Every structure is written in C-alpha cells, then in structure tokens.
*Asks:* 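Quick one: this structure, given as structure tokens, is what I'll be asking you about.
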Amino acid sequence: MATEQKEVSNAIGLEEIGTEAQEPKKEQKTFTVEEAVETIGFGRFHIALFLIMGSTGVVEAMEIMLIAVVSPLIRCEWQLNDWQVALVTTMVFFGYMIFSILFGLLADRYGRWKILLISFLWGAYFSLLTSFSPSYIWFVFLRAMVGCGVSGHAQGLIIKTEFLPTKYRGYMLPLSQVFWLAGSLLIIGLASVVNPTIGWRWLIRIASIPGIILILAFKFIPESARYNVSTGNNKAAIATLERIAKINRSVMPEGILVEPVHERRGRFRDLLDSKYLRTTLQIWIIWLGISFAYYGVILASAELLERDMVCSLQTAAAAKELGDDSEESRSPCHCRLFAPSDYRIMIISTIGEIALNPLNILSINFLGRRLSLSITMGCTALFFLFLNICTTSTGLIGFLFMLRALVAANFNTIYIYTAEVYPTTMRALGMGTSGSLCRIGAMVAPFIAQVLMSASFLGALCLFSGMCAVCAISAFTLPIETKGRALQQMK
C-alpha cells in the first residue's frame, strides 16, 4: 500500500514538472500592431513621415487651386461663358469622385503605398499634358484626368494615421494643414509672376514639378504595418516596425506579433453594416457640405475679385459714370485678368487657413472631434451670411479670411475623424467613399459661386450657409467619438 502511494506521488510530481516545463510556451508574450506603435512611440521616423506624406498636401493644393488662378485667362483665351468656366472645376471633381472610391477599394486590397505612387504618377503625367491643350474641350478632359490622379493622394493621410501613436494623432494630423496652405500660397505666388509674363501653360508645367520630386521620396516610406498584418504578412509588418524602432532609437515590445488575418477587406457593404450605417451616412453628409463650403469660398473669392463684386459706397451718379465698364464686366465672355492687388487679397485670405489651427488642435483634443466640428460648421454658416453685409474691400478681406480659417478647420477635423472611426480593413474605403461624396459638393460649388452668385448674390450665400448649418447638426449627433480611442483593426 505504501509503495502504491509512493508511485502515485511520484507520478503527480512528474506531471507537475511536465506542466511547469510547458508553461513558458503557453504564457509566451504576444503583442499587436497597436501595442507596437504605442511602445515604439514618436520619433525621427514620424517626423520624416510627417514631412514626406504631408507634402502630398502641397501637390494636391497646387493642382486644385490652379483652376482658380487660371480661370480668368482661359475665359479670355477661349471666350468662355460662366457655365463653361464652372464646368472645368466640376469635371476635375467628377474625376476625383469616381476614382476616389476605386482607389479606396484598391488600397484596402493591394496596399496604401502602391496606390499612392500610382496616383502621383497619373496626376503628374496628365497635369503636364494639360499645358499643351489645343482647345477648351481638351483642357476639360485632361484636367478631369488630373482629378482622377489627385484622388489617390488621401492614402498619404491614411499611412500617417496608421503609423502615429494615439496621443499624437490629434496634434500631428491637424498640422498637415500647413502643407495645404503652403501649396495654395505657392500656386498663387507663382501665378502672380508667371501668368502675366509667360502665361498659364507654363504655370501648369511648373506646378507639376513638386509632384515629380515627391515621387522620388516615397521609397523612404514603408507600406502600412496595419495593412500588412490584415493580409497575414506579419513578416513584413515586423520588419517595418523594427525599422521604425531602430530609426526612433526605441525598442519593440517583447513577444511575437499576433493579429487575426482578415480575408474580407475593402467591402462596400461593411460601410453600411448596422454598426457603422448611421456614422457613414452622417459622415457623407458632412464631407459633402464641407467641400461645398470650402470650394465655394475659394471660387467665390476669385469671382468677387474678378468681377469687382464688392459692395461700395458709390453714388448712383458715380455708378452711371462707370456704366460702360460695368457693362463690359458683366459680359459673359469679358477679359478681366487679376491685378497684383487681387493676388495679394487671395494670399491674405489663404493665410487664414492656418489662423485657427492652434485653436482647432486644442479643441479637437479637449472638446473632442464631434463638438469641435459642430462649432466650426455653425460659425461657417454665420460668416457666409456676413458676406452680404455692405462693407469695404478691407471688410471683405476680413470675412474671407475668417471663412477660409473656418472651412480649413472643418476639413482638419473631419479628415481626422474619418481616418479614426473606421477599422483597418475598411479605412481606405471609408476615406475613399467620403472623398467621393466630398467631390459632389465640390462639383456643385462652381455653379453656385460662379453662376448663381452673378444672378442672386444673397441666394447663393443662403445656400452655402444652410448647408453648413445642416452639417453642424449632423456633426453634433455623430454616434461615435474618436478622441483618445485606439485605431480599430477589425470591424
């Protein structure tokens, strides 16, 4: 009996030893990409990422703002009507709208980096071709092709978002507005020198140079590690994370990278799943409204300057003395080119885009994305109505300055919110579809700012203001707040 008890006890002891030997395997440490990104922290890699990917905003701004500064010249060269000038901008955004969805689908399936590179090559090629347009029809077609290419530039923002630690996203992403501002100022400054001397064709050629240079810098930025693990390519994700840790002089978390593989990525139906349906619909409304307001301000500014639609204190007699000039300026095919003072006004109002950036950064980090967006959208609605106030040229500059500041803050916030609210498997598609809806607003804006505004100034302003008010309500009632929330890897 004693012998049996001894054998049992020995067997139990051996079993315990065997269990202890197996425990390290069972308790082997693991980590996710989110944990790796947070452990590595912010460093030199992220600064390079911010500069290179942020510079995509310079190129995009130059291509989009180009239309505003060449409109008077092509109107004069080809004797265009108001609707023909407006159609140029509309077709640019039509191309953007179609390819924004396509590039979003492809980016979720084949990678952000590849689509970003393809979009830049496409945009630079067709932008150069535009400068050789023999006719108005060719100009419209080629600019629409440029719009197709520019739509893929949003992948730069997604790559930045997916590499940034949570606490830095609310600060670094709004600072990207600096690059859009730089691109806008650069194209206006170039236009003021190039347009009166060697013409708009050379302006387009010069404007395509930054995009070509930036393509060479893309090799320093890797594919998103979050995208790699979503496709099961953990080896590439680990190599990328180790490279970032080395550049940042930091360390990787202990253990092995473990993430589920997602076979279904970039599916449109996921955006309309019950979990995201309301969020998606409200985001689409907001993107449409913000774009409508943003490009409305830009094009209205150019239109106000080109047609001298500034409320003055002239008497009726003085107005009669200028009757002949007024009739000429109201002609649908008149040739009134921008004066140096007009370019200065455009530069001042454009600088307004950065004016509220510090306040915008503070508000989205302390008040949250939803409340910040609803406040700035409400203020945008008010300032559109203020444009109807009879004021001097200085007063007009002040209103335009504030409007540009507010619409830029709106874009900042909705870009961040959209990139944060969707999981990795549908983030690019979420940005793509939002960008597509955004361009519908941009396509309508020229006909309001360049056509309706000439017929009914107050009517056009009320349309812009009303749309901003709807967006303010939609932002306030968004169901998900992303402030301080980790990026979701799966639905």
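We use all heavy atoms of the structure for the numbers below, so side chains are in, but hydrogens, waters and symmetry mates are not. This structure is a prediction, so every number in the text was calculated from the model and none was measured.
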*Asks:* What pair of heavy atoms forms the shortest contact from P210 to V59, and how long is it?
*Replies:*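 Shortest heavy-atom separation between P210 and V59 comes out as C-CG2, 4.0 Å.
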*Asks:* Parallel, tilted or perpendicular, judged at 30° and 60°: which one describes the rings of W200 and W78?
*Replies:*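 Perpendicular.
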*Asks:* Counting neighbours of CZ on F476 that are heavy atoms of other residues, nucleotides or ligands and sit closer than 6.0 Å, is the number greater than 12?
*Replies:*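 Not buried by this count: 12 neighbours or fewer within 6.0 Å.
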*Asks:* So which heavy atom on A245 is nearest to which on I40, and how close?
*Replies:*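 The answer is CA-CG2, 3.9 Å.
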*Asks:* Considering all heavy atoms of both residues, which atom of C148 and which atom of W122 are nearest to each other, and what is their separation?
*Replies:*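 Heavy atoms of C148 and W122 come nearest at CB-NE1, 3.8 Å.
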*Asks:* Say whether E63 and S127, considering side chains only, have a donor N or O and an acceptor N or O under 3.5 Å apart.
*Replies:*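 Yes.
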*Asks:* Show every salt bridge (charged side-chain N to carboxylate O under 4.0 Å, His left out) that has at least one partner inside residues 146-165, sequence neighbours left out.
*Replies:*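 Output for this query lists R112-E162, E162-R427.
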*Asks:* Could you tell me whether the side chain of R485 reaches within less than 4.5 Å of the side chain of I480, counting heavy atoms only?
*Replies:*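 A side-chain contact exists here, since the closest heavy-atom pair is under 4.5 Å.
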*Asks:* Compare every heavy atom of L203 with every heavy atom of L190, then report the nearest pair and how far apart it is.
*Replies:*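 Minimum heavy-atom contact is CB-CD1, 3.7 Å.
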*Asks:* S131 versus W202: any side-chain heavy-atom pair under 4.5 Å?
*Replies:*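 Not in contact.
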*Asks:* Check the side chains of N360 and T376 for a donor-acceptor pair under 3.5 angstrom, ignoring hydrogens and angles.
*Replies:*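 Distance-only check fails for T376 and N360.
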*Asks:* Can a donor-acceptor pair be found, under 3.5 Å and without considering hydrogens, that links the side chain of E481 to the backbone of R370?
*Replies:*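 Yes; judged by distance alone, with no hydrogens or angles, the pair exists.
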*Asks:* Taking the side chain as every heavy atom from C-beta outward, state whether P479 and Q282 have any pair of such atoms under 4.5 Å apart.
*Replies:*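 The answer is yes; the side chains approach within 4.5 Å.
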*Asks:* Verify, without hydrogens or angle tests, whether S119 (side chain) and L116 (backbone) share a donor-acceptor contact under 3.5 angstrom.
*Replies:*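 It does hold such a pair.
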*Asks:* Main chain of V470, side chain of S474: is a donor-acceptor contact present, judged purely on distance under 3.5 Å?
*Replies:*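 No, the answer is negative, given that no donor and acceptor are paired below the 3.5 Å cut-off.
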*Asks:* Does I364 reach the side chain of N412, with side-chain heavy atoms less than 4.5 Å apart?
*Replies:*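 Contact flag for I364/N412 side chains = no.
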*Asks:* Would you call F120 and T56 a side-chain contact if the rule is heavy atoms closer than 4.5 Å?
*Replies:*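 Heavy-atom side-chain distance check passes, below 4.5 Å.
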*Asks:* Looking at R201 and S133, would you say the former's side chain and the latter's main chain have a donor-acceptor pair under 3.5 Å?
*Replies:*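 Flag set: sc R201 to bb S133 pair under 3.5 Å.
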*Asks:* Answer whether the closest heavy-atom distance between the side chains of W287 and F411 falls below 4.5 Å.
*Replies:*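 Yes, side chains in contact.
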*Asks:* For the pair F99 and F103, name the ring-plane relationship: parallel under 30°, tilted 30 to 60°, perpendicular over 60°.
*Replies:*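 Perpendicular: the ring planes of F99 and F103 meet at over 60°.
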*Asks:* If only side-chain N and O atoms count, and only distance matters, is there a donor-acceptor pair under 3.5 Å linking S434 with Y415?
*Replies:*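 Per modelled atom types, Y415 and S434 side chains form no pair under 3.5 Å.
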*Asks:* With distance as the sole test, does Y96 use its side chain to make a donor-acceptor pair with the main-chain N or O of G149 at under 3.5 Å?
*Replies:*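 Not a single qualifying donor-acceptor pair exists.
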*Asks:* Output, in order, the C-alpha distance, side-chain angles, deciding distance and verdict of salt bridge (charged side-chain N to carboxylate O under 4.0 Å, His left out) for R226 and E34.
*Replies:* CA-CA 8 Å; R226 292 179 191 271; E34 179 72 24; 2.6 Å; yes
*Asks:* P196 and A191: which non-hydrogen atoms are nearest, and at how many Å?
*Replies:*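 In this case the closest contact between P196 and A191 is CD-O, 3.4 Å.
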*Asks:* Does N248 reach the side chain of I244, with side-chain heavy atoms less than 4.5 Å apart?
*Replies:*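 The answer is yes, as the side chains (C-beta and beyond) meet within the 4.5 Å cut-off.
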*Asks:* Taking the side chain from N410 and the backbone from I290, do they hold a donor-acceptor pair closer than 3.5 Å?
*Replies:*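 No.
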*Asks:* Using side-chain heavy atoms (C-beta onward) and a distance below 4.5 Å, is I204 in contact with F139?
*Replies:*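 Side-chain contact under 4.5 Å: yes.
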*Asks:* May I ask you to check if R205 and F132 form a cation-pi contact, with NZ or CZ under 6.0 angstrom from the six-membered ring centre and within 45° of the axis?
*Replies:*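 Positive - R205 is close enough to the ring of F132 and near enough to its axis.
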*Asks:* Taking all heavy atoms of Y227 and all of R109, pick out the closest pair and write down the distance.
*Replies:*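 Heavy atoms only, the tightest pair is OH-O, 2.8 Å.
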*Asks:* Is the F163-Y168 ring centre distance short of 6.0 angstrom?
*Replies:*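 That pair fails the under 6.0 Å test.
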